[in-house]
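Notes to accompany the following structure.
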Number of protein chains: 2
Amino acid sequence: MAAPSAKTDRKKGRLTRERVVREAVALADAHGIAALSMRKLADRLGVEAMSLYHHVANKDAILDAMVDFAFGEISLPRADENWKAAMRTRAIAARTMLRSHPWALGLLDSRRNPGPATLRHHDAVIGCLRANGFSVARTAHAYSVLDSYIYGFVLQELNLPFDTPDDLAALAETMLQHLPADTYPHLAEMTREHVLQPGYAYGDEFTVGLDLILDGLDRNDD
Amino acid sequence: MAAPSAKTDRKKGRLTRERVVREAVALADAHGIAALSMRKLADRLGVEAMSLYHHVANKDAILDAMVDFAFGEISLPRADENWKAAMRTRAIAARTMLRSHPWALGLLDSRRNPGPATLRHHDAVIGCLRANGFSVARTAHAYSVLDSYIYGFVLQELNLPFDTPDDLAALAETMLQHLPADTYPHLAEMTREHVLQPGYAYGDEFTVGLDLILDGLDRNDD
DNA sequence: ACCTGAACACCGTTCAAGT
DNA sequence: ACCTGAACACCGTTCAAGT
């Protein structure tokens, strides 16, 4: 019997822009953004690459839509919430989203066309701060420092060259051996006395820095 | 007369790993990381693409070396400096570097092999904080929140869809017309009353957030 | 209206062949 | 030792042709 062709066992039904975007997200989640090619995406949808161009202008339009899809996953802060609790919750939700779609942060770089979910998200965050008495300028300060922190934290987190505590321990041990302690004494100390301690997880730093920033914003009520 | 071939007017002399990396940085600075292909890089060096493989293992090794080159441009904090001033200076220097090599931030994502300049940099930052009486844990907190902020701020800054105040004004006007104010009222207000005000520059937010974080670290002297 | 096959101008990398 | 030409297995996108 013939091996099932890639096409036969793929989803059938008419192609739509929405199906294209959803499948692109699934492909990038599963195999990384580098694996997202028009040919592979088409194959998953049971069509040829060229068919995609009937539903999206080009690959860039798919990437725009993927970012907007990801933003849509962050639930919106309400204007009647206390700002500090609302911003804390939003920051954690944003981090969760960016971790579950590791391609999203990298795509932010090149996106020039914010979609409706992205705009709605920004509008809700600004609205919550304004409703809590923040001036326009203080709202801009708060949004800038919070988003910078969230994006940068996840960027570092996604870069970590290990996925589990065991990986980390193994890597740190190797590093300690390869990095002569006299060349990088402080890096060696940090590895030995902090990173290699039981229970260490870099992700725990997230709320430490987040609360430092929220407290700072609370104090600067200009 | 014949048009000068791409090769004839390129730098001559023996190929070295250092020349390959330096030229890769120049190419990426000038035309973006997407334009950095082995073929184009070789052409700039007056050789064929395949010659590069005698000096670097593959393209990934070039990207690793580029990131380390970029880190090498940030001058190191000294252990005898006041931590707050030293961290402020370093943050500004890091932002300057990341802005002048817009490809660097995107490459951080995928780099798994920190080079000597990168390690030296981290060692110096940790060393300065420790010399100022920071505990190992407080050093880790400080480094995490500062680098997250710096990386995230530049990520947002590089994403801004305008390069000059004039571009910004033009874009904001178009946005105000395209975004119905009743759908995104707070975004419209922020654009009108903040972004479109004379003298506005997003980059000015950098030190606002930075000082908020430095003051927060100063207070948490646990 | 929607899908496709062939083609174009690219990639990174391998390999055997040149000097 | 160092460089290269041809080749392989890919890209995104165009165009004219099919249904």
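Note that this is a predicted model, so its numbers are computed, not measured. Convention: sequence-line order gives letters A, B, ...; per-chain numbering from 1. Basis for what follows: all heavy atoms, side chains included, without hydrogens, waters or symmetry-related copies.
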Exercise. When the ring planes of A:Phe206 and A:Tyr149 are compared, do they come out parallel, tilted or perpendicular, using 30° and 60° as the limits?
Worked result: parallel
Exercise. Counting only N and O atoms by type, is there a donor-acceptor contact under 3.5 Å from the side chain of B:Asp123 to the main-chain atoms of A:His186?
Worked result: yes
Exercise. What's the verdict on side chain to side chain contact (heavy atoms under 4.5 Å, CB included) for B:His122 and A:Tyr184, showing C-alpha distance, side-chain angles and the deciding distance?
Worked result: CA-CA 9 Å; B:His122 291 138; A:Tyr184 310 111; over 6 Å; no
Seminar exercise, completed: Intra- and inter-strand pairing of DNA chain D, written as dot-bracket with Watson-Crick and G-U pairs under 3.5 Å and | for the latter, reads ||.|||||...|||||.||
Seminar exercise, completed: residues 49-67 of chain B vs salt bridge (Lys or Arg N to Asp or Glu O under 4.0 Å), sequence neighbours excluded, gives B:Asp60-B:Arg111, B:Asp64-B:Arg111
Problem set entry | Residue list, side-chain hydrogen bond (donor to acceptor under 3.5 Å, both in side chains) with A:Thr191, at least two apart or on another chain | none
For this session: Let me know the distance between CD of B:Glu48 and C1' of D:dT4, rounded to the nearest Å.
Result: 6 Å
Exercise. In chain order, what residues pass the side-chain contact (heavy atoms from CB on, under 4.5 Å) check against B:Tyr53, with sequence neighbours excluded?
Worked result: B:Met38, B:Asn58
Seminar exercise, completed: The contact string for nucleotides 6-19 of chain C, one letter per nucleotide 5' to 3', using protein heavy atoms under 4.0 Å with B, S and - for base, sugar-phosphate only and none, comes out as BB---BBBB-----
Exercise. Rounding to a whole Å, what distance do you find between A:Leu52:CG and C:dG5:C1'?
Worked result: 15 Å
For this session: Using the six-membered ring wherever Trp is involved, compare the ring planes of B:His194 and B:Tyr200 and label them parallel, tilted or perpendicular (cut-offs 30° and 60°).
Result: perpendicular
Exercise. What's the CZ-P distance between A:Arg17 and C:dC2, to the nearest Å?
Worked result: 15 Å
Problem set entry | side-chain N/O B:Ser51 vs D:dT4 OP1/OP2, d < 4.0 Å | yes
Exercise. Could you give all pairs that pass the salt bridge (Lys or Arg N to Asp or Glu O under 4.0 Å) test and reach residues 93-103 of chain B, with sequence neighbours left out?
Worked result: B:Arg95-B:Glu157, B:Arg99-B:Glu157
Exercise. Counting just side-chain N and O atoms, does B:His55 come under 4.0 Å of either OP1 or OP2 of D:dC2?
Worked result: no
